[in-house]
S.K.: 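The structure is given below, and queries will be raised subsequently.
Along the sequence shown, residues carry numbers from 1. Whatever order the structure lists ligands and atoms in, that order sets their numbers, starting from 1.
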Amino acid sequence: MPSVLIGPLLIRNQPGPFRTILTEAGFDVIDPAGEDNAVSRDELVKHLPHVDAMVVGAERLTPDLFAIAPKLRVAARTGVGYDMVDLPAARAHGVVVTITPGTNQESVAEQAFALLLSLTRSVVRNHEAIRDGGWDRRMVVPLRGKTLGLIGLGRIGRAVATRAQAFGMRVVAHDVGPVTEFDAQHGIERLGLDALLAASHVVSLHVPVTEETRNLVDARFLSKMRPGSYLLNTARGGLVVEADLRDALVAEHLAGAGLDVFQIEPPEPGNVLLSAPNLVFSPHVGGTDSQSMSDMAEMAARCIVDLHQGRWPAACVVDGSLQNGWKW
Ligand SMILES: NC(=O)C1=CN([C@@H]2O[C@H](COP(=O)(O)OP(=O)(O)OC[C@H]3O[C@@H](n4cnc5c(N)ncnc54)[C@H](OP(=O)(O)O)[C@@H]3O)[C@@H](O)[C@H]2O)C=CC1
Ligand SMILES: O=C(O)C(=O)CO
């Protein structure tokens, strides 16, 4: 009987049909011990040598883990970013890596706006002040008429764009991909990076972390942003040089930043951003509202079952180069 290890706690606790999809297809579903969001390394070392598939969340799948997993055929990530999976090692061990595109863009877009409105309307600061007996009616910054600059106009960037337009914002975007019908339909202007930074009152990051984008937001990038503008990062912590962002906030060059992600998660106690001004944080929950979790779990399960039953789920496979000759 094939077996599948379920990594993320939020997926293990899902009431949706993902377990039935797996068990009806003949899988033994294995829940590791522990209540941490990601499976501990000890549990990975215990289970990976014996399982055929794993549903992956925040676990880092490093070459040494592939090396102890001779039966592993599929690593199914619940989500779209797969930067924590070592793809060359997966390929070398014949492990197909899948993701769940289309399942969490609305959730991330809502999170981007939760962070943005918290900043422009001082939600957290006002809440804390009132609890401390204060009643400081500070000025609220309107979004209407402002320009939002999206770096990355993929699934999430587009979901953020339509919400921004509902708030009366102008949207501009920078993306390496070709201009699409969406841009024309929604009147989105594509700009070079520097032009976008100069034009935007709010810059929101929606690119993957890659060799080109790692540390994209550094002192130079921040200096090109408009004085008094806001930065949102609901993509990956690796995009931002945290010390440089702290400096831009301390210097009040930026009015604020909203972060769902950090270079190291959870942030270490000495992280320079934890004591910086005008920040709003969330613990990498952008993509994980209850509907997204259920959809991600179901899609990951279906991708595993498809692969087991000899169908190639091209929409969720990250690296198609394995398709020829790949067998369960
Ligand atoms: N906080 C959270 O919980 C979540 C975070 N994320 C993060 O958000 C990222 C984006 O997700 P999603 O929108 O679904 O991904 P998509 O692949 O749909 O969109 C990413 C876009 O960025 C473009 N792009 C890639 N590299 C660059 C670059 N160097 N400069 C400009 N544009 C670039 C891509 O172009 P092309 O396709 O041509 O490469 C694509 O259009 C994920 O990779 C993940 O890291 C995702 C979900 C949840
Ligand atoms: O989809 C992703 O990449 C996420 O970060 C969600 O967990």
S.K.: Taking Arg131 for the side chain and His127 for the main chain, is one N or O donor matched with an acceptor at less than 3.5 Å?
M.R.: no
S.K.: Is the number of heavy atoms from other residues, nucleotides or ligands under 6.0 Å of Phe262 CZ greater than 12?
M.R.: yes
S.K.: Which protein residues come within less than 4.0 angstrom of ligand 2, counting heavy atoms only?
M.R.: Arg77, Gly79, Val80, Gly81, Asn104, Arg236, His284
S.K.: Can you tell me if Arg125 and Asn278 form a side-chain donor-acceptor pair at under 3.5 Å?
M.R.: yes
S.K.: Is a side-chain N or O of Asp28 found less than 3.5 angstrom from the main chain of Ser3, in a donor-acceptor match?
M.R.: no
S.K.: Which heavy atom in Ala219 sits nearest to a heavy atom in Asp244, and how many Å separate them?
M.R.: N-OD2, 2.9 Å
S.K.: So among Leu116, Leu148, Thr234, which one has a side-chain contact (heavy atoms from CB on, under 4.5 Å) with Val160?
M.R.: Leu148
S.K.: Any Lys/Arg nitrogen of Arg246 or Glu242 sitting under 4.0 Å from an Asp/Glu carboxylate oxygen of the other?
M.R.: no
S.K.: Would you mind telling me which of Asp175, Leu196, Val172 makes a side-chain contact (heavy atoms from CB on, under 4.5 Å) with Arg190?
M.R.: Asp175
S.K.: Check each N or O atom of ligand 1 against all protein N or O atoms and list the pairs under 3.5 Å, with atom names and distances to 0.1 Å, one per line.
M.R.:
from	atom 1	to	atom 2	distance (Å)
ligand 1	1 (N)	Thr234	O	2.9
ligand 1	1 (N)	Asp260	OD2	2.9
ligand 1	3 (O)	His284	NE2	3.4
ligand 1	3 (O)	Gly287	N	2.8
ligand 1	13 (O)	Arg155	N	3.4
ligand 1	13 (O)	Ile156	N	2.9
ligand 1	14 (O)	Arg155	NE	3.1
ligand 1	14 (O)	Arg155	NH2	3.3
ligand 1	18 (O)	Arg155	N	2.9
ligand 1	18 (O)	Arg155	NE	3.4
ligand 1	18 (O)	Arg155	NH2	3.4
ligand 1	32 (N)	Val176	N	3.2
ligand 1	35 (O)	Asp175	OD1	3.3
ligand 1	41 (O)	Asp175	OD1	3.3
ligand 1	41 (O)	Asp175	OD2	2.7
ligand 1	45 (O)	Arg236	NH1	3.4

S.K.: Take a 6.0 Å sphere around CD of Glu181 and say whether it holds more than 12 heavy atoms from other residues, nucleotides or ligands.
M.R.: no
